[in-house]
Amino acid sequence: MTRKALVRRPGPRLAEGLVTHIDRQPVDVDLAGRQWQAYVAALRDEGWETVEVPPADDCPDSVFVEDTVLVYGGLAVISRPGADERKPETAGTERTLRGLGYRVARIESPGTLDGGDVLKHDGTVWVGLGGRTNQAGVDQLAAHLEPLGATVIGVPLTKVLHLKSAVTALPDGTVVGYEPLVDDPSVWPGFLPVPEEAGSHVVVLDGTTVLMSTSAPRTKELFEARGLRVVAVDLTEFEKLEGCVTCLSVRLRG
Ligand SMILES: NC(=O)NCCC[C@H](N)C(=O)O
């Protein structure tokens, strides 16, 4: 299996990125650049080839490349971000994925969808319906993915920015989240509560390894006790903008 990850380097306006559910804190753009380099290095060290999407420096939030697309098998569904400021970010992602040979579909108006609202595991696709993604966006995504065998399920989301700000899945499919921020944990049988908000966010690197933030040391121990290997990176400057470990890349498992 080839493992590639799309990334997009942070632009000079990063500190102006959107904040919705948390208070704005000053972002150190130089430190963010170093944290991004370390994130990319961690992916490479774990055997992922990283592919840079061309910068979109007019868009402060462009580093959060996950929001611009949803990839399922050989299909790239280009998103239509719920925040108008972020809509121009999708063009570069589309060019890059076409260049890699992906078929392309698009979420069209009046639909909106952010990639961060989409959690996939084993043919099931949960989509957070809240601030950034609307029902038309979910319906369009379902129309694109159901012919490929996926089951698409809309999930209410009110407490955080994106579904994957609340929950992600471990390699075995166990959905993890910080309960105070999850609207309805009963959506996922076997839901595993974690003790820290940043512990909700994992990127699956392989069948036994996850990437997560150093901001969740107790959750790291919990995952290690379950037999997982955890690679941890500092993401403080992106966390100040409601970003997390998932949103800085798009994982392509070819
Ligand atoms: N998928 C993600 O979790 N994306 C984070 C996006 C954060 C950005 N400041 C935004 O509000 O759109």
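The basis for the numbers below is simple: all heavy atoms, side chains too, and nothing from hydrogens, waters or symmetry mates. Note that ligands are numbered from 1 as they come in the structure, with each ligand's atoms numbered from 1 the same way.
- In the displayed structure, Lys4 atom NZ is contacted under 6.0 Å by at most 12 heavy atoms of other residues, nucleotides or ligands.
- Backbone and side-chain nitrogen or oxygen atoms of Asp67 are examined, and one is located within less than 3.5 angstrom of a nitrogen or oxygen of ligand 1.
- In this structure, Glu237 contributes its side chain and Val27 its backbone to no donor-acceptor pair below 3.5 Å.
- In this structure, Lys164 falls outside the shell of residues with a heavy atom less than 4.0 angstrom from ligand 1.
- Between Asp67 and Arg132 there is no salt bridge, since no side-chain N of the basic residue sits under 4.0 Å from a carboxylate O of the acidic one.
- Between Glu46 and Arg229 there is a salt bridge, with a side-chain nitrogen of the basic residue lying less than 4.0 Å from a carboxylate oxygen of the acidic one.
- Those atoms of ligand 1 with a heavy atom of Glu66 less than 4.0 angstrom away are 1 (N).
- Of all protein heavy atoms, the one lying nearest to atom 2 (C) of ligand 1 is Cys247 CB, 2.9 Å.
- Note on ligand 1: Asp61 sits in its first shell, one or more heavy atoms being nearer than 4.0 Å.
- Residue Leu241 has at least one heavy-atom neighbour below 4.0 Å for each of these atoms of ligand 1: 7 (C), 8 (C), 9 (N).
- For ligand 1 and Gly116, the ligand atoms under 4.0 Å from any heavy atom of the residue are 1 (N).
- For atom 11 (O) of ligand 1, the candidate residues are His21, Arg132, Glu242, Arg86; the nearest heavy-atom contact is made by Arg132.
- No side-chain donor-acceptor contact under 3.5 Å links Tyr178 and Thr219.
- Less than 4.0 angstrom separates some heavy atom of Leu18 from each of these atoms of ligand 1: 9 (N), 11 (O).
- In this model, no donor atom of one side chain and acceptor atom of the other lie less than 3.5 Å apart for Thr236 and Asp234.
- Between the side chain of Arg98 and the main chain of Arg103, no donor-acceptor pair closer than 3.5 Å is present.
- For ligand 1, the atoms lying closer than 4.0 Å to a non-hydrogen atom of Leu161 are 6 (C), 7 (C), 10 (C), 11 (O).
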